[in-house]
Visitor: 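The structure's right below; bear with me while I get my questions together.
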Amino acid sequence: MDAVDISRFLTAMTLAVHIIFATIGVGMPLFFAIAEFLGIKKKNDKYIALAKRWSKGYTITVAVGVVTGTIIGLQLSLLWPTFMRIGGHVIALPLFMETFAFFFEAIFLSIYLYTWSRFKNQWIHFFLSIPVIIGGTFSALFITSVNSFMNTPAGMEMRDGRMVNVDPVEAMFNASFMVRSFHVVATAIMTMAFILASIAAFKLLKNKVLKDREYHKSALKITMVVGLIFSMLSMLAGDLSAKFLHEHQPEKLAAYEWHFDTESHADLVLFGVLDESSQEVKGAIKIPGALSFLSDNRFSTEVKGLNEFPQEEIPPLIVHYFFDLMVIFGIFCFVISAIYVLSLFIKRIKSDHKWLLYATILTGPAAMLAIEFGWFLTELGRQPWIVRGILKVQDAATQASGLTFVTILFAILYFVLLFSATFVLLRMFKDQPAYKDIRALELKRGEQ
């Protein structure tokens, strides 16, 4: 592997780890806010206990997320120096704003964690969760704008190999910003919902204590209902993304779907195996006209094929497999959450039936894998560009030696971080079942 390949591998590894904690950072605050709102509204301590435990676990992931996020900032300069030299001043504003948003979130999260029972009016404490939600969401939006700029650069002019006449606001709110931001936030909340639902389902299968079961049933209900809502929003985001790609990045859409010849009534290709030499797809499910319809809501829409583009500018066609996996896991989560929500209204379907709980356990890993495959899909789909149409990856990477050793060190670091975070989260609640927290809250309420 040369320096370019190692730089790509190391960046991919860092992003794959960071996206786990970034997803939790965006999605988690909404859930402990919902739980506290229900607890105050219904005067029910199991929801307050739920909010306290969720927010307590959240602090561990925030700490690890800071480390991996900082590493990404460092690697931009170390691994991609040409990109930072040419475009660093263009993306400086959203990078700074992302840091500001994180500090905003961290400050209010600290206040939120240390002021339980400090206010006679419980609603005051609940309102402290709102800045945490805002900070986490805006942090994602600002960093997404950097990625959007790399896909649809705007707000500058290229002159003598330099970006000049920079309008940082236009660069930040580039053409793909809104579509990508909606997709990122919707999928993050969806994923977090199913991770929490997975934990609740596991506890319901293992736990026989009545108060604990009621606690986990409440957690399951909140997360599965929100999961269903945001899985539908994620589908809408995916639809909007397809239409955007058709208009602005047609080569990317064509690569996703192994669509080679420009035509109307284009088929949507699912699964299959590609023979690149003959451009023949074997074993695929083809939905007639569906790709044209997804592109512009009309079956007669003409969709550009890969043969329209120079060979050196076509993304790696492995992206189709990532697309299939992302869609499969996303639909699986949608179906299971839909069945669960139906069970709340149809008595014949038991919401705590074993088969449904086992399926729910799988939604957490499935949703996180969908996030991972989605990011690999969008980043590989931009290849060979690091800034589309302006700077190629091979021209942006460092040529420094010693990257193999550095990659091994980072791999060890990420293993330690993932293992430590998992170990601490498991130990944090191992000898502290939910009913003890609920009982403590009930006793405190009785004293008041």
Side-chain angles (χ1 to χ4, degrees), residues 19-39 46-47 49-58 60-62 65 129-130 132-134 136-137 139-140 181-205 215-238 326-345 351-352 356-375 425 429 434:
I19 196 63
I20 297 171
F21 300 98
T23 298
I24 296 171
V26 176
M28 192 66 186
L30 176 65
F31 289 95
F32 57 73
I34 291 173
E36 186 174 10
F37 176 85
L38 292 173
K46 71 181 175 185
Y47 290 109
L50 195 58
K52 292 186 77 169
R53 289 163 72 91
W54 276 349
S55 59
K56 186 178 178 182
Y58 175 60
I60 304 300
T61 60
V62 168
S129 66
I130 295 175
V132 181
I133 296 172
I134 293 172
T137 302
S139 181
S181 296
F182 177 39
H183 205 156
V184 165
V185 173
T187 53
I189 295 173
M190 166 192 150
T191 301
M192 197 65 244
F194 289 121
I195 289 172
L196 294 173
S198 182
I199 295 169
F202 178 80
K203 291 292 186 180
L204 281 170
L205 285 168
Y215 166 90
H216 293 302
K217 281 183 179 180
S218 298
L220 187 62
K221 186 175 182 180
I222 291 171
T223 53
M224 288 296 268
V225 169
V226 175
L228 176 61
I229 293 169
F230 277 89
S231 61
M232 291 189 289
L233 289 174
S234 296
M235 291 179 188
L236 174 60
M326 178 188 70
V327 171
I328 290 168
F329 289 134
I331 290 176
F332 171 76
C333 293
F334 166 73
V335 170
I336 299 303
S337 60
I339 293 171
Y340 175 86
V341 172
L342 282 174
S343 75
L344 300 177
F345 302 97
S351 61
D352 60 349
L356 186 54
L357 292 177
Y358 278 116
T360 302
I361 289 174
L362 296 177
T363 61
M368 184 55 75
L369 284 172
I371 283 275
E372 294 280 6
F373 290 134
W375 272 104
L425 285 169
F429 300 110

Visitor: When rounded to the nearest 0.5 angstrom, what distance separates CE in M235 from CG in L233?
Guide: 10.5 Å
Visitor: Would a distance-only check, ignoring hydrogens and angles, find a side-chain to backbone donor-acceptor pair under 3.5 Å from S139 to G136?
Guide: no
Visitor: side-chain hydrogen bond (donor to acceptor under 3.5 Å, both in side chains) with Y47: which residues, sequence neighbours excluded?
Guide: none
Visitor: Sequence neighbours excluded and cut-off under 3.5 Å, please list the side-chain donor-acceptor pairs for residues 32-39, or say none.
Guide:
from: E36; atom 1: OE1; to: Y112; atom 2: OH; distance (Å): 2.7
from: E36; atom 1: OE1; to: H125; atom 2: ND1; distance (Å): 3.4
from: E36; atom 1: OE2; to: H125; atom 2: ND1; distance (Å): 2.7

Visitor: For F21, check ring-ring contact (aromatic ring centres under 6.0 Å, His included) against everything at least two apart and list the hits.
Guide: none
Visitor: Using side chain to side chain contact (heavy atoms under 4.5 Å, CB included), reason through Y340 and I336 one step at a time and then give a plain yes or no.
Guide: CA-CA 6 Å; Y340 175 86; I336 299 303; 5.7 Å; no
Visitor: Using distance only, find each side-chain donor-acceptor pair of residues 182-199 under 3.5 Å and give its atom names and separation, not counting sequence neighbours.
Guide:
from: H183; atom 1: ND1; to: S241; atom 2: OG; distance (Å): 3.2
from: T187; atom 1: OG1; to: H183; atom 2: O; distance (Å): 2.6
from: T187; atom 1: OG1; to: V184; atom 2: O; distance (Å): 3.2
from: T191; atom 1: OG1; to: T187; atom 2: O; distance (Å): 2.7
from: S198; atom 1: OG; to: I361; atom 2: O; distance (Å): 2.6

Visitor: How many angstroms lie between CD1 in I328 and SG in C333, if you round to the nearest 0.5 Å?
Guide: 12.0 Å
Visitor: Who pairs with S218 by side-chain hydrogen bond (donor to acceptor under 3.5 Å, both in side chains), at least two apart in sequence or on another chain?
Guide: K46
Visitor: If you round to the nearest 0.5 Å, how far is CD1 of I20 from CD1 of I371?
Guide: 10.5 Å
Visitor: Students often mix this up, so state it plainly: with edges at 30° and 60°, are the rings of F373 and F329 parallel, tilted or perpendicular?
Guide: parallel
Visitor: Find the distance between CD1 (I24) and OH (Y58) and round it off to the nearest 0.5 Å.
Guide: 9.0 Å
Visitor: Output yes when a side-chain donor or acceptor of T137 lies under 3.5 Å from a complementary backbone atom of I134, and no otherwise.
Guide: no
Visitor: Check salt bridge (Lys or Arg N to Asp or Glu O under 4.0 Å) between K56 and all other residues, then give those that pass, not counting sequence neighbours.
Guide: none
Visitor: Could you pull out all donor-acceptor pairs under 3.5 Å where a side-chain atom in residues 221-228 meets a protein atom, sequence neighbours excluded?
Guide:
from: T223; atom 1: OG1; to: A219; atom 2: O; distance (Å): 2.8
from: T223; atom 1: OG1; to: L220; atom 2: O; distance (Å): 3.1

Visitor: To the closest 0.5 Å, what do you measure between CZ (F230) and CG (L30)?
Guide: 6.0 Å
Visitor: What's the separation between atom CG in L357 and atom CG in L362, rounded to the nearest 0.5 Å?
Guide: 11.5 Å
